[in-house]
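Both ligands and their constituent atoms are indexed starting at 1 by order of listing.
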Amino acid sequence: MIRQPIVSVLGHVDHGKTTLLDKIRGTSVARREAGAITQHIGATEVPIDAIYKICGKLINKKFKVPGLLFIDTPGHEAFTTLRARGGALADLAVLVIDINEGIMPQTVESINILKRYKTPFVIAANKIDLIYGWKNCKDEPFIFAIQKQKEEVQQSVDEKIYKIVEKLYELGFSADRYDRIADFTQNLAIIPMSAKLGIGIADLLLVLVGLAQRFLEENLKTEEGPGEGTVLEVKEERGLGKTIDVILYSGTMRKGDTIVVGSHDEPIITKIKAILKPKPLDEMRDPRDRFLSVDEVHAAAGIKIAAPNLENALAGSPVIVADDNLEEVVNRVRKETGIHIETQEEGVIIKADALGSLEALAYELKQEGLPIKMADIGDISKRDIVNAQTIGNPLYRVILGFNVKILPDAEKEASKIKIFTNNVVYKIIEDYKEWMDEKKRELEAEKRMEITFPGKFKILPEYIFRLSKPAIVGVRVLGGRIRVGQRILREDGRVVGRIKSIRSGENNVLEAIMGEEVAIAIDGVTVGRQVKAGETYYVDIPEEHARKLFKMNLSYEDKEVLDEIARIKRKEKPFWGL
Ligand code: GDP
């Protein structure tokens, strides 16, 4: 027996993944008679009979492959990175590229994922209908539609394909238009199409079935054995409690079977209470009654499993039927659920919704040379934020979340650190890098701005130049230093005015040190009221700075001034600066 290959659709946002899947579904739904499509949970099955019908004259032989099973959730990278036995769950992939836009960052990211998992794929060069001068040809195979186009339009299609071919070459692939390829093992097939108009759908299905038949036959053999699948999603379902949506890729699952499912902690051992499939639309009388219960199901299929104790089941983890080999299966599930990501002493915290997506994020970070301190599955919790706060390097004090939410109790704490979430890996990394650059600049500026040092000065009675707005007076710096911008502390603890400028001889300067005599302009005071000639004043030090100063190796004189300031401050606040 050969099962249907599992196909995932990926590509840059807006290039047409959803439209393509909808069209495939719609095209086969329209054929209600024999070989109509079967709706699965999380997947759409296009049986081989439907493919024969859709392809018509394009196909002149029979295939052993019983059809194609498309994983339904496009653009959700967690699904393209789903694993089965440590490899990719998808046997084949369709990489959608907008022919007018070409290869974009997310396309490259998708290619990296496919390369890493060694998943064979084809390219759907979508939106040919937007090429200038294109004549409709709705629902026709591409190779017929192209012949009906004007010479310039045909050329234009080829030019655009060539641009993609060039880019792919730089990425290490030899590619060509599918109808010009002789050896599909050496060349990546490009199928020009319009998902919107249904052009090229037939060609795409044909190439996929052909590839599966020729190169995947061995992988697609399924024995009548215990079922093995991958958890797509863990979902609360009314009347059923927590259920798991599963793609069954091997063997059979039956009601009552003991299954082992991956979880955050120890694998879950439970019994299948019900296997559910979607009800055909025309049998669905009550929208709440969406499922049909079946006794058994064979690979490949998308199903929902209801069973006790699924609360902690983990998306992306294995679900395997066990009989008398329970211990062995538990060990296998434990091993396959483990997170194998290299972590460092110093680095960022990453979170994702499934194992595959976590690995995808980790992989891209590694390419960028960005270290990871902690990697885990699940939404961003308060604990993650507490952990992030302990990261020493402020540039790494962040959480990067891929396809995850910030939990309500974490939301309150979220302002304490920086969190980047997105469902596109490159966006997370791009945003983080941008923030990092900004943060670096900020840190440098902070460093340059120094801390406020202690200072003490006396207003010289013989040098009162102006009484107010601003007051301008001559001073002698008795200890430490004074700086432009600093506020003035009186011996009674009141803070008054602000040093607006300092003039030394003919020059404006930023600071004056012990022993210097300078003229200062003070905003916000009137000589004779808030400040008086002949009196001594201090620099007002923010408490935060004082704490640092107390730990620093200050000179004897600086330390003395600091102690005097502290004495003034502690009259009101006994532990100031400690
Ligand atoms: P996704 O983000 O990759 O899933 O992209 P969508 O399938 O949502 O498509 C993005 C936009 O492109 C939508 O407005 C679609 O209607 C449009 N679109 C998709 N395929 C085609 C196509 O073949 N031709 C044209 N003209 N528009 C398309």
Side-chain angles (χ1 to χ4, degrees), residues 7-30 42-44 46 54 70-82 90 92-114 121-146 148-149 153-154 156-161 163-164 177-178 189-208 232-233 357 360 402-403 422-428 430:
V7 187
S8 72
V9 174
L10 58 165
H12 195 76
V13 61
D14 276 348
H15 280 197
K17 300 176 292 290
T18 314
T19 312
L20 174 62
L21 279 164
D22 286 349
K23 195 69 189 181
I24 288 171
R25 206 176 301 126
T27 307
S28 15
V29 163
T44 299
V46 188
I54 295 165
F70 286 90
I71 300 180
D72 250 350
T73 319
H76 193 309
E77 299 202 23
F79 290 80
T80 58
T81 55
L82 279 172
L92 279 173
V94 178
L95 178 63
V96 181
I97 302 177
D98 181 332
I99 195 169
N100 302 294
E101 238 179 50
I103 291 180
M104 300 295 280
Q106 226 182 329
T107 323
V108 176
E109 196 171 297
S110 303
I111 291 176
N112 286 339
I113 292 171
L114 295 169
F121 64 104
V122 302
I123 287 171
N126 194 28
K127 308 198 188 184
I128 43 169
D129 58 295
L130 293 180
I131 289 174
Y132 184 76
W134 182 270
K135 208 173 101 206
N136 195 310
C137 294
K138 199 167 180 302
D139 293 329
E140 288 192 39
F142 166 76
I143 49 167
F144 302 148
I146 190 74
K148 295 183 185 163
Q149 308 298 323
V153 176
Q154 295 195 15
S156 194
V157 171
D158 278 340
E159 272 161 26
K160 285 173 194 268
I161 289 176
K163 279 213 182 104
I164 295 177
R177 212 172 92 174
Y178 90 94
I190 300 178
I191 299 115
M193 61 181 305
S194 164
K196 196 171 171 182
L197 298 184
I199 303 164
I201 299 283
D203 315 56
L204 175 68
L205 295 174
L206 172 64
V207 173
L208 287 173
L232 280 184
E233 235 175 313
S357 46
F402 180 26
N403 283 326
N422 209 301
N423 50 13
V424 179
V425 171
Y426 87 83
K427 272 302 282 175
I428 298 174
E430 200 175 270

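Just one residue in the list I143, I123, V122 forms a side chain to side chain contact (heavy atoms under 4.5 Å, CB included) with Y178, and that residue is I143. Shown are V46, I54, V94; of these, the side chain to side chain contact (heavy atoms under 4.5 Å, CB included) with I24 is made only by V46.
Taking distance alone, with nitrogen or oxygen atoms compared against 3.5 Å, G16 approaches ligand 1 more closely than that limit. Inclusion of L130 in the set of residues having an N or O under 3.5 Å from an N or O of ligand 1 is not warranted.
One N or O on the side chain of N100 and one on the backbone of K127 form a donor-acceptor pair closer than 3.5 Å. With hydrogens and angles ignored, the 3.5 Å screen pairs no side-chain donor or acceptor of H15 with any backbone N or O of I97.
Heavy-atom proximity to H15, at under 4.0 Å, picks out these atoms of ligand 1: 3 (O), 5 (O). Listed by number with element, the atoms of ligand 1 under 4.0 angstrom from any heavy atom of S194 are 22 (C), 23 (O), 24 (N). Heavy-atom proximity to D14, at under 4.0 Å, picks out these atoms of ligand 1: 1 (P), 2 (O), 3 (O), 5 (O), 10 (C), 12 (O). Residue contact check: H12 has heavy atoms under 4.0 Å from atoms 3 (O) of ligand 1.
Only the side chain of N126 comes within 4.0 Å of ligand 1, counting heavy atoms alone; its backbone N, CA, C and O stay farther away.
Looking only at side-chain heavy atoms (C-beta outward), I128 and F142 come within less than 4.5 Å of each other.
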Decide side-chain contact (heavy atoms from CB on, under 4.5 Å) for V7 and I71; before the verdict, give the C-alpha distance in whole Å, the side-chain angles of both, and the deciding distance to 0.1 Å. CA-CA 6 Å; V7 187; I71 300 180; over 6 Å; no

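Ranked by closest heavy atom to atom 11 (C) of ligand 1, the top entry among K127, K17, K196, M193 is K127.
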